[in-house]
K.L.:
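First the structure, which I've put down as structure tokens, then a few questions once you've had a look.
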Amino acid sequence: RALILERDRILLGEAFTAKGIRWLFFKGVLCDALWWGGQGMRGATDIDILIPRSAEKVATAILADLGYERRRSPTHPATEDAAKERLFHHPDSFSHFPVDLHLGLLNDPPYLDPAEQVFQRAVVYKTVVGPICGPSREDMLLLAAGNLGQSCFAERYKLALDSACLFLRESLDLNLVVTRAVQWRVTIPLWGLLRLIEERLRVSMPDWLLNRVAPPPPLRAMVERVAGVRTLPWHPESGSGLVLAGWPLSGRIFWPLIAAWRWARL
């Protein structure tokens, strides 16, 4: 599977470059190469690739030429085209990874989508499996926090592992992390992520960093409960439950109303 992952990544990068599409890889396909020797130990279920929204038509045609078909969600057809992700599957799923085509990175609201800035700060990493273009290290940490926040920390603990590796094996400008967290409005989920990897993965965090991004005291216990810092995480199944779980992570007093408005807008 690790060899298939690298083959598909190279093939996609070459195909997009040939058509003049800007792209970068993130999550599993990048992190496995950076910290796990490209051996598949980090685990990846698909290939996450970010492109500009303006390049969607060309990218979709490229994927079709490579044999991929878009997998549409049967439960939310009204919001399918408004979403930031497009999931493509190959008929031969055993020998091809699904492709998660991202036209943006974070949901707005409650956060700000930083896709264009992430593109501008992209880094080409030298890895054991060759060069890979991806987000800067600081952006990788903040994207993990934002992704965990908008999913209410559900089934995303590989992102927590990635974040721990960033602290243990990379050099981060933590002042820059705080500045961008404020800009992207992800300070609360970032605090939850830092507390999670501090308690569960035993990676110590600077007190000043936790204090700079901490939510007000009444929210801290709620954020830790959702993230599963000290107990089993709270993973509600219903839509209303997800809104309630996301309330403390959003940083918005009127989040239930805002969430309903966002759904209607989509």
K.L.:
Can you list the steps and then say if Glu116 with Arg22 is a salt bridge (charged side-chain N to carboxylate O under 4.0 Å, His left out)?
P.N.:
CA-CA 11 Å; Glu116 186 56 38; Arg22 289 192 301 161; 3.3 Å; yes

K.L.:
Which heavy atom in Val29 sits nearest to a heavy atom in Glu6, and how many Å separate them?
P.N.:
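Residues Val29 and Glu6, closest heavy atoms: O-OE2, 4.4 Å.
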
K.L.:
Are Leu106 and Leu112 connected in the hydrophobic side-chain network, where two residues link if heavy atoms are under 4.5 Å apart?
P.N.:
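No.
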
K.L.:
Do Ile51 and Leu87 sit in the same hydrophobic cluster, where Ile, Leu, Val, Met, Phe, Trp and Tyr count as joined when their side-chain heavy atoms come under 4.5 Å apart?
P.N.:
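Ile51 and Leu87: separate clusters.
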
K.L.:
Has Arg7 got its NZ or CZ under 6.0 Å from the middle of the six-membered ring of Phe97, at an angle within 45 degrees of the ring axis?
P.N.:
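Not flagged: Arg7 not positioned over aromatic ring of Phe97.
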
K.L.:
Would you find a donor on one side and an acceptor on the other, under 3.5 Å apart, between the side chain of Asn211 and the backbone of Asp207?
P.N.:
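At least one qualifying donor-acceptor pair exists.
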
K.L.:
Taking all heavy atoms of Cys31 and all of Met140, pick out the closest pair and write down the distance.
P.N.:
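So the two residues come closest at SG-CE, 3.8 Å.
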
K.L.:
Considering the options Arg180, Gln120, Gln117, which one meets the side-chain contact (heavy atoms from CB on, under 4.5 Å) requirement together with Ser136?
P.N.:
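Considering Arg180, Gln120, Gln117, a side-chain contact (heavy atoms from CB on, under 4.5 Å) with Ser136 is found only for Arg180.
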
K.L.:
Is there side-chain contact between Arg212 and Leu174, with heavy atoms separated by less than 4.5 Å?
P.N.:
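With C-beta onward as the side chain, the pair stays apart.
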
K.L.:
State, yes or no, whether a side-chain contact exists between Ile188 and Pro248 at a heavy-atom distance under 4.5 Å.
P.N.:
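Counting from C-beta outward, Ile188 and Pro248 never come under 4.5 Å.
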
K.L.:
Can you confirm whether Leu66 sits close enough to Leu12 that some side-chain heavy atom of one is under 4.5 Å from a side-chain heavy atom of the other?
P.N.:
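The answer is yes; the side chains approach within 4.5 Å.
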
K.L.:
Please name the pair of heavy atoms, one in Cys133 and one in Trp23, separated by the smallest distance, quoted to 0.1 Å.
P.N.:
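Between these two residues, the closest heavy atoms are SG-O, 3.8 Å.
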
K.L.:
Can you confirm whether more than 12 heavy atoms, excluding those of Arg70, are under 6.0 Å from its CZ atom?
P.N.:
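Yes - once you tally the heavy atoms of other residues, nucleotides and ligands closer than 6.0 Å, there are more than 12.
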
K.L.:
Taking all non-hydrogen atoms of both residues into account, name the closest pair between Ala245 and Pro236 and its distance.
P.N.:
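Between these two residues, the closest heavy atoms are CB-CG, 3.8 Å.
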
K.L.:
Find out whether Tyr157 and Leu201 are in side-chain contact, i.e. whether some heavy atom of one side chain is under 4.5 Å from a heavy atom of the other.
P.N.:
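Heavy-atom side-chain distance check fails, nothing below 4.5 Å.
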
K.L.:
State, with a plain yes or no, whether a side-chain heavy atom of Pro256 is found less than 4.5 Å away from one of Trp247.
P.N.:
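Contact flag for Pro256/Trp247 side chains = yes.
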
K.L.:
So does Leu176 get a backbone contact from the side chain of Glu138, meaning a donor-acceptor N/O pair under 3.5 Å?
P.N.:
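Checking the backbone N and O of Leu176 against the side chain of Glu138, no donor-acceptor pair under 3.5 Å is found.
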
K.L.:
Can Asp162 and Arg42 be counted as an ion pair, charged N to O under 4.0 angstrom?
P.N.:
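Result for this pair is yes, salt bridge flagged.
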
K.L.:
Taking C-beta and beyond as the side chain, do Leu141 and Glu170 meet within less than 4.5 Å on heavy atoms?
P.N.:
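Side chain of Leu141 against side chain of Glu170, heavy atoms only: no contact under 4.5 Å found.
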
K.L.:
Any chance CH2 of Trp36 has more than 12 other-residue heavy atoms, nucleotides or ligands included, within less than 6.0 Å?
P.N.:
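Count not over threshold, so no.
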
K.L.:
Could you grab the distance from atom NE2 of His96 to atom CD1 of Ile47, nearest 0.5 Å is fine?
P.N.:
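Between His96 NE2 and Ile47 CD1, I get 10.5 Å after rounding to 0.5 Å.
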
K.L.:
Can you find a pair of side-chain heavy atoms, one from Leu249 and one from Phe153, that are under 4.5 Å apart?
P.N.:
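Yes - at least one pair of side-chain heavy atoms lies under 4.5 Å apart.
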
K.L.:
So among Asp173, Val177, Val178, which one has a side-chain contact (heavy atoms from CB on, under 4.5 Å) with Asn175?
P.N.:
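Answer after filtering Asp173, Val177, Val178: Asp173.
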
K.L.:
Should the ring pair His90 and Tyr68 be called parallel, tilted or perpendicular, given that the plane angle runs from 0 to 90° and is split at 30 and 60?
P.N.:
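Judged by the thresholds at 30° and 60°, the geometry between His90 and Tyr68 is perpendicular.
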
K.L.:
With a 4.5 Å limit on heavy-atom distance, are the side chains of Arg86 and Leu63 in contact?
P.N.:
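No. Closest side-chain heavy atoms not under 4.5 Å.
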
K.L.:
First locate atom CH2 of Trp184, then atom OG1 of Thr179, and finally report the distance between them rounded to the nearest 0.5 Å.
P.N.:
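That separation rounds to 12.0 Å.
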
K.L.:
Do you reckon Leu172 sits in the same ILVMFWY cluster as Leu210, going by side-chain contacts under 4.5 Å, direct or chained?
P.N.:
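Yes: a chain of side-chain contacts under 4.5 Å links Leu172 to Leu210.
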
K.L.:
Give a yes or no on whether Leu232 and Val229 share a hydrophobic cluster (residues Ile, Leu, Val, Met, Phe, Trp, Tyr; joining criterion: side-chain heavy atoms under 4.5 Å apart).
P.N.:
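Cluster IDs for Leu232 and Val229 differ.
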
K.L.:
Under a single-linkage definition using a 4.5 Å side-chain heavy-atom cutoff for Ile, Leu, Val, Met, Phe, Trp and Tyr, are Leu159 and Leu242 assigned to the same hydrophobic cluster?
P.N.:
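Different hydrophobic clusters.
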
K.L.:
Judged by atom type as modelled, is there a donor-acceptor pair below 3.5 Å linking the side chain of Arg121 to the main-chain atoms of Pro135?
P.N.:
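No: the side chain of Arg121 does not pair with the backbone of Pro135.
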
K.L.:
Side chain of Arg185, backbone of Val182: donor and acceptor closer than 3.5 Å?
P.N.:
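Such a contact is absent between Arg185 side chain and Val182 backbone.
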
